[in-house]
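Notes for the one structure printed next.
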Amino acid sequence: MDKIRNIKGTKDILPNDIFLWQKLESKIHNFIKNFGYQEIRTPAFEESILFKRGVGEDTDIVNKEMYSWQDQGGLNLTLKPELTAPVVRAYIQHELGRSNPLNKMYYIDSLFRRERPQKGRQRQFNQFGVEVFGSNFPEQDAEVIIIAYNFLKSIGLKELILEINTIGSQSIRKEYKNVLQKLLSTYKKDFSEIDRQRLDNNPLRLFDSKDPKCREIVNDKAPTIYDYISTDDKEHFESVLSILNELQIPYVHNQQLVRGLDYYTRTTFEIKSNYLGAQDAICGGGRYDGLVEQLGGTPTPAVGFAAGMERIILLLEQDEKIDCRSLDVFIILMGSQTIPIGMKIADDIRSNTNLSVITETLQRSMRAQMREANRLKAQYCIIIGTDEVNAKHVTIKNMLDGIQNNISIQEIVNFFSQLK
Ligand code: HAM
């Protein structure tokens, strides 16, 4: 019979590779909680209309990448391709703005986009990110950027490139789109079918075009949105930059950074790495002051970012200094009499310390058990044979320096509690 395999663009994370993921996840929780953010978890699927209205009908995500279906009850559903729209939905539905003028949330979650799989690009992938509701002040944009940049730095990623831009408020968007349409319609014949549609429906998306011809035309002929934004928008942007300057966070002002989703207003930013290849964006985000209202809530300013965890793991794997030691104690058991005693000792150590403990459950020879302890990179072995049980003493071997101690069974927990 044919073996069933995973779907293209998805990946199993096997036990040998999980260490980095768990370490990354725990660092994300600790780092972001220190900024006073609370975790939010939303369902894996939502009504399709949420993404159509929230992310935008003319975006690549909604146009060609969503996993959507109609369920048996006739509901149109979509596996979430991003998390901003679901978090906004939850914010409105549960009236979070009522009890608190400022809501700061973060998430770690799986997303689904039917993109062409390649290094750093999957059809199911993981993001962590933050969304903040309630403040339209530039220090809130700066705080979000500081979290993203400083977190990536704190886990050892080097040569990060922060690109930042402002695309102004929604009110100037219409005028700018008209200008773009007028200017670029002369070149419509040179555009691909999809870029022609973009020109008609949402010309801002032309800045995301992958077609070299279109890119060249846009680079040469299109004015950037920065030339059209208001004095207020410029002042907001300058204030964000001045905070980044104070914190010595380096950035590049990329006037073409409009981002591929429709909800952004004012600040947009991305953090990239040269070590990733074609899919070089680790993180993207920005302000989206109109989205809450657009999805039926009371007007509420908001800003956030999301970072791709597969891309972060790719970068961490390039760092050879990763310490994969994961087991503290392996208990070697020799003879059936030793099994209950060994399992009781393991239980006592686990309950009274923070250490990981494994006991032998395959009744292997002493040599085979020692080999297993080495394979698991155990830091200590406790050796228990029939003689040890009778004498109520065991041998504890430090696997790093080979030093052995003979210790009474009663003293074992004490021994391990005193380790730093
Ligand atoms: P995004 O730019 O679509 O933004 O995604 C953010 C990050 O997720 C990307 O920079 C990338 O690292 C990662 N990513 C995206 N697609 C894939 C994929 N197919 N495979 C692997 N990684 C991927 C958003 O999703 C916005 N919701 C960000 C945001 C939050 N803006 C405001 N708040």
Side-chain angles (χ1 to χ4, degrees), residues 54-56 58-62 81-85 87-88 127 129-133 135-149 152 160-177 180 198 202-210 215 218-219 222-230 232-245 249-273 279-292 294 301-308:
V55 178
D58 299 311
T59 58
D60 280 355
I61 294 180
V62 172
E82 65 100 55
L83 274 150
T84 309
V87 173
V88 171
Q127 281 185 346
V130 309
E131 312 291 352
V132 183
F133 298 88
S135 170
N136 56 10
F137 292 107
E139 52 269 39
Q140 194 57 69
D141 310 45
E143 180 181 88
V144 163
I145 297 171
I146 289 163
I147 293 177
Y149 187 85
L152 297 174
L160 300 167
I161 305 148
L162 166 62
E163 292 188 355
I164 183 167
N165 192 24
T166 175
I167 59 170
S169 46
Q170 295 254 325
S171 54
I172 59 109
R173 205 70 53 80
K174 212 166 159 220
E175 186 196 339
Y176 176 65
K177 282 178 181 173
L180 276 186
R198 284 172 164 157
N202 190 351
L204 217 61
R205 293 277 71 80
L206 289 170
F207 286 100
D208 309 323
S209 174
K210 312 257 171 352
R215 288 218 60 82
V218 167
N219 281 343
T224 65
I225 199 163
Y226 195 75
D227 302 326
Y228 287 80
I229 65 175
S230 68
D232 271 2
D233 292 336
K234 279 196 177 141
E235 273 172 17
H236 182 99
F237 188 56
E238 288 305 324
S239 304
V240 176
L241 296 186
S242 73
I243 299 171
L244 298 182
N245 288 337
I249 294 182
Y251 56 83
V252 180
H253 180 183
N254 174 358
Q255 295 201 12
Q256 289 197 343
L257 184 72
V258 295
R259 307 254 312 124
L261 304 97
D262 272 356
Y263 46 63
Y264 292 110
T265 52
R266 293 193 157 174
T267 314
T268 54
F269 71 97
E270 281 187 354
I271 301 176
K272 297 181 174 171
S273 164
Q279 300 306 315
D280 61 353
I282 309 173
C283 149
R287 184 166 273 289
Y288 49 95
D289 289 342
L291 189 58
V292 176
Q294 203 179 312
V303 55
F305 78 84

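The chain is numbered in sequence order, starting from 1.
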Open item on the list: Using the rule given for side-chain hydrogen bond (donor to acceptor under 3.5 Å, both in side chains), can you reason through Thr267 versus Asp141, listing the C-alpha separation, both sets of side-chain angles and the distance that settles it, and then say yes or no?
Closed with: CA-CA 7 Å; Thr267 314; Asp141 310 45; 2.6 Å; yes

Task: Euclidean distance, Asp289 CG relative to Phe133 CZ, rounded to 0.5 Å - done: 11.0 Å

Open item on the list: To the nearest 0.5 Å, what is the distance between OG1 on Thr268 and CD1 on Ile164?
Closed with: 7.5 Å

Open item on the list: Less than 4.5 Å apart, side chain to side chain, heavy atoms only: is that true for Asn245 and Tyr251?
Closed with: yes

Task: 4.5 Å side-chain heavy-atom contact, Asp262 and Arg205 - done: yes

TODO: Report yes or no: does Tyr288 contribute a side-chain atom to a donor-acceptor pair with the main-chain N or O of Gly304 at less than 3.5 Å?
DONE: no

Open item on the list: Could you check whether any side-chain heavy atom of Leu180 comes within less than 4.5 Å of a side-chain heavy atom of Leu206, counting everything from C-beta outward?
Closed with: no

Open item on the list: Strictly distance-based, threshold 3.5 Å: is any side-chain N or O of Arg215 a donor or acceptor partner for the main-chain N or O of Ser209?
Closed with: yes

Task: For Arg287 against Pro301, the heavy-atom pair lying closest together - done: NH1-CB, 3.7 Å

TODO: Taking the side chain as every heavy atom from C-beta outward, state whether Phe237 and Tyr226 have any pair of such atoms under 4.5 Å apart.
DONE: yes

Open item on the list: Just so I know, are the side chains of His236 and Thr166 near enough to count as touching, which here means a heavy-atom distance under 4.5 Å?
Closed with: no

Open item on the list: Distance check, rounded to the nearest 0.5 Å: Leu241 atom CG versus Ile145 atom CD1?
Closed with: 8.0 Å

TODO: Indicate yes or no for a side-chain donor-acceptor contact from Asp233 to the backbone of Ser169 under 3.5 Å, with no hydrogens or angles considered.
DONE: yes

Task: Least distance between heavy atoms, Ser273 atom then Ile282 atom - done: CB-CD1, 3.8 Å

Open item on the list: One pair to check against side-chain hydrogen bond (donor to acceptor under 3.5 Å, both in side chains): Gln256 and Thr224. What are the steps and the verdict?
Closed with: CA-CA 6 Å; Gln256 289 197 343; Thr224 65; over 6 Å; no

Task: Validation row: Arg259, Asn165 side chains within 4.5 angstrom (heavy atoms) - done: no

- [ ] Please tell me if the side chains of Val88 and Gln294 come closer than 4.5 Å, counting only heavy atoms from C-beta onward.
- [x] no

- [ ] Find out whether Asp60 and Asp208 are in side-chain contact, i.e. whether some heavy atom of one side chain is under 4.5 Å from a heavy atom of the other.
- [x] no

